[in-house]
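Bear in mind that the values here come from a model prediction, so they are computed numbers and not experimental data. Reckoned from all heavy atoms, side chains included, excluding hydrogens, waters and symmetry mates. Every chain is numbered from 1 and lettered A, B, ... according to where its sequence line falls, protein lines coming before strand lines.
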Amino acid sequence: MRVVTLTINGQEVSGHDDRTILQEVRAHGGYIPTLCHLEGLTNIGACRLCVVEVQGARKLQPACVTMVSEGMVVSTESERLSKYRRRIVEMLFAEGNHICSVCVSNGHCSLQAMAVRLGIDHISLPYRYPKRGVDASHERYAFDANRCILCTRCVRACAEVEGARTLDIMGRGIDSILIHDLNQPWGESTTCTSCGKCVGVCPTGALFHKGSAPGEMVKHREFLTHLAEMRGAR
Amino acid sequence: MSDEKRPAVGHAGSGAKTGAIDSVEELQEVAERELAKQAEAKKRVFVCMGTACQSCKSDKLLAALSAEVKARGLDGDYQVTAGGCQGNCAEAPLVTVQPEGEMYHFVSPDDASAVVDSLAGGASLERLQCDSQSPFFTGQKRVVTELRGLLNPEKIEDYIAVGGYAALFETLGKLTPEEVIEQIMKSGLRGRGGAGYPVGLKWDMVAQAEGAQKYVICNADEGDPGAFMNRSVLEDYPYRVIEGMTIAAYAVGASQGYVYVRAEYPLAVKRVQNAIRMAQRNGLLGNDICDTSFSFNLEVRLGAGAFVCGEETALIASIEGKRGQPRPRPPFPAASGLWGCPTLINNVETYTNIVPIMRNGAAWFSAIGTEKSKGTKTFALSGRVKHTGLVEVPLGTPLREIIFNIGGGVPEGHEFKAVQTGGPAGGTIPAAHLDMNVDYESLVKVGSFMGSGGIIVMDDTSCMVDIAKFFMEFCMSESCGKCIPCRVGTAQMHQLLDQITKGEATLDTLATLEDLCDVVANTSLCGLGQGAPNPVLSTLRFFRDEYMAHIVDKTCPAGVCTIGNHETGR
């Protein structure tokens with residue numbers, strides 16, 4: 001590890017070269033929007049909300065996987081970036097069936113909060129209204145594919161933290177969908193340990209505790225940081 | 001087949017346990033033995049056994065010709081053998097007679113006896129004669145396809161007889177890895193997979209990277225619509241690709257390689273697998289190659305048909321047995337690739353260029369082409385052009401030359417409209433730019449892309465909005481779904497393009513479409529998403545009036561799209 005000096009939004013700061021732009025920006029009190037990132041899980045750079053402008057780079061760089069380096073000049077806010085971020089979140093709203101008023105996570109949803117934060121007051125893209133199902137076969141949890149944004153946080157939590165590898169994505173492109181085992185009903189999964197980590201890390205109301213009424217499903221994600229810290233200490 | 005009689009070195013089915021070829025002398029011996037055998041015959045008759053010709057029953061033709069020659073007791077005079085692609089695939093099946101170089105096209109198995117008649121000096125076969133001096137052949141410059149398909153792609157002796165493996169012996173015997181990389185750097189060879197990254201630089205990065213285990217990968221996951229160069233090269237010259245990979249492995253210090261080829265290319269897979277087995281049997285792959293301490297093993301990995309697996313990080317994930325999805329770079333595969341080890345990954349055509357460079361020198365290679373784009377490039381000519389097939393020209397050749405002189409122009413009196421290069425990430429080039437030179441930089445300047453080398457010619461019967469929709473549909477269904485802009489953006493753009501072609505769009509639709517192009521191109525994770533808006537952007541740039549006709553006048557000028565209840569156009 002080496003200490004480096006970089007410029008974030010015009011301000012010179014010092015950072016560690018084994019950390020990402022996202023980590024450094026957050027460490028210095030800044031904000032970069034993210035959806036697929038979660039402390040304690042591998043970063044995959046998939047949601048593209050964290051893209052930032054790095055001087056000298058031809059393309060925008062995802063902050064969650066780009067390491068800082070000496071002399072780096074980063075800008076995390078610009079009109080262009082805000083527009084891209086808004087459009088990406090709009091795409092998510094148009095892709096699935098996100099109807100907040102009847103959602104268990106209403107008021108505690110990362111997607112909803114992101115839309116508010118980015119100032120999205122309407123969706124300018126045509127809604128796709130996909131026909132997706134709900135899997136309520138599990139004793140304690142349920143999965144509503146209509147609210148899934150395919151961030152794969154649950155997939156990574158299941159594989160990396162619980163080690164069960166029950167969850168994965170099936171299909172590709174716009175037809176991608178979250179599945180349990182080999183696309184079996186969740187309740188019939190032979191690998192699921194019913195630990196509930198997937199429910200905890202889900203940013204929306206896609207994975208939830210059965211029996212929650214709209215707005216009741218509050219997610220607790222602190223456990224992941226604790227686990228990561230404990231693992232690190234060990 | 002006559003092959004079975006040859007007491008060839010390590011030939012499949014011969015059963016003879018033969019030793020490895022360990023020295024240049026032994027290599028020459030094999031070559032001379034094979035050449036002597038070939039000289040016994042008055043004429044050698046090559047029947048193309050490429051995919052295009054086989055689909056026109058060239059395998060039956062080969063059997064019929066062999067049987068006919070045998071029946072007349074002429075099998076000593078005329079060697080009938082499987083050959084490679086001649087390029088003019090539209091005229092399949094093709095037969096070439098050496099040493100005269102006479103060519104016959106559209107030969108059916110029923111023509112076998114007539115062909116043998118004319119071989120024996122009987123009546124000439126004007127009906128089937130193909131002019132081997134036409135511009136299609138004389139206009140090309142062959143480096144990658146220099147062997148012209150005039151060898152049996154399955155026999156290693158045929159390859160050795162035309163000078164194969166001499167470059168490998170020369171390299172392993174006389175050059176250090178650094179000297180090899182220097183040669184490649186000096187040659188100015190750039191990656192033939194599309195982006196055109198300098199090959200020498202990439203090799204150097206892998207060679208410099210720290211790690212005891214390094215890998216070499218050949219990307220043969222060609223998937224662009226209208227592209228079949230890599231398939232043809234793999235089918236015809238598998239030994240040359242392998243030799244190039246072996247030299248690359250020596251240069252970067254790798255001991256294991258993979259050829260990642262899509263399963264939709266069964267013939268190419270079969271040929272490469274056969275070539276690997278033959279090379280192993282002759283000691284040209286495996287341990288202690290050419291009696292040196294250098295070892296290199298090669299395996300084939302089959303792609304399951306996902307276009308995105310042509311992206312290097314997705315390809316690597318696929319070889320590792322994971323879901324074929326790209327990951328953000330850096331780290332680049334040169335630093336951390338297959339199983340986290342430094343990995344060299346190049347395209348089929350790039351590896352095919354290595355042998356001629358090592359044999360003829362960097363200066364020879366860099367004399368071909370333009371200042372920044374050296375060498376030749378193979379192109380798959382398809383669409384509305386007379387001579388569809390595989391052509392090879394020096395980089396910097398004018399587009400007009402490729403399409404009108406070599407390709408023979410647009411058939412049936414139609415008018416040339418545009419040409420699409422670079423596949424789904426490429427662009428459409430209108431008639432006004434026909435005199436541009438085809439090289440990496442010039443193509444980017446007009447909003448297109450070299451890509452792997454597909455050239456699709458379109459005439460006045462093509463609707464440019466429909467073309468854009470076609471490519472967007474391709475990107476949409478081939479998107480892996482990992483990042484949001486590509487997964488949702490391509491589907492949204494496809495929906496908007498669909499509205500335009502149905503006459504249901506307004507000017508707002510067009511504005512949203514252009515806005516989405518900007519977002520998807522700039523925020524997507526990999527080249528698939530970043531390039532997906534290109535066909536829309538380039539058709540908008542050159543054919544905006546067609547979009548307007550669909551949106552404002554509700555008509556399709558080319559008469560392709562069905563607008564409203566009635567069909568427009570012809």
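The choice from B/Val520, B/Asp518, B/Thr490, B/Leu516 that makes the most heavy-atom pairs within less than 4.5 Å of chain A is B/Asp518. Contacts with chain B were tallied for A/Leu125, A/Leu35, A/Leu49; A/Leu125 has the most, counting heavy-atom pairs under 4.5 Å. Counting heavy-atom pairs under 4.5 Å between each of B/Lys482, B/Arg327, B/Met476 and chain A puts B/Lys482 at the top. Put simply, of B/Gly324, B/Ser479, B/Cys486, B/Ser477, the one with the most heavy-atom pairs under 4.5 Å next to chain A is B/Ser479. Highest contact tally toward chain B, considering only A/Cys36, A/Gly45, A/Pro62, is held by A/Gly45 [criterion: heavy-atom pairs under 4.5 Å]. Between chain B and the options A/Asn43, A/Val51, A/Leu60, heavy-atom pairs under 4.5 Å are most frequent for A/Leu60. Contact count versus chain A (heavy atoms, under 4.5 Å) is highest, among B/Ser524, B/Pro326, B/Cys475, B/Pro330, for B/Ser524.
Between the A/Thr152 side chain and the A/Val155 main chain, no donor and acceptor come within less than 3.5 Å of each other. With hydrogens and angles disregarded, a donor-acceptor distance shorter than 3.5 Å links the side chain of A/Arg221 to the backbone of A/Gly200. Of the possible donor and acceptor atoms, none in the side chain of A/Glu24 sits under 3.5 Å from a partner among the backbone N and O of A/Gly15.
No side-chain heavy atom of B/Met450 sits under 4.5 Å from any side-chain heavy atom of B/Val444.
For B/Gln492, the parts lying under 4.5 angstrom from a heavy atom of chain A are both the backbone and the side chain. Contacts between B/Gln325 and chain A at a heavy-atom distance below 4.5 Å are absent for every atom of the residue. Both the backbone and the side chain of A/Ile169 come within contact range of chain B, each with at least one heavy atom under 4.5 Å from a heavy atom of that chain.
Taking CG of B/Asp498 as the start and SG of B/Cys561 as the end, the distance is 9.5 Å to the nearest 0.5 Å.
Salt-bridge formation is detected for the pair A/Glu53/A/Arg80: a Lys NZ or Arg NE/NH1/NH2 atom is positioned less than 4.0 Å from an Asp or Glu carboxylate oxygen. For B/Glu441 and B/Lys372, the salt-bridge test fails: no basic side-chain N is under 4.0 Å from an acidic carboxylate O. Under 4.0 Å is where a charged nitrogen must lie from a carboxylate oxygen, and between A/Glu77 and A/Arg85 at least one such pair does. Checked for salt-bridge contact, A/Arg2 and A/Asp18 miss the test: no charged N lies under 4.0 Å from a carboxylate O. Look at A/Arg128 and A/Glu95 and you find no salt bridge, because none of the NZ, NE, NH1 or NH2 atoms lies under 4.0 Å from a carboxylate O. Classification of B/Glu264 and B/Arg262 as a salt-bridged pair holds, one side-chain N sitting under 4.0 Å from a carboxylate O.
Scanning residues 172-183 of chain A against chain B with a 4.5 Å non-hydrogen threshold yields A/Arg172, A/Gly173, A/Ile174, A/Ser176, sorted by number.
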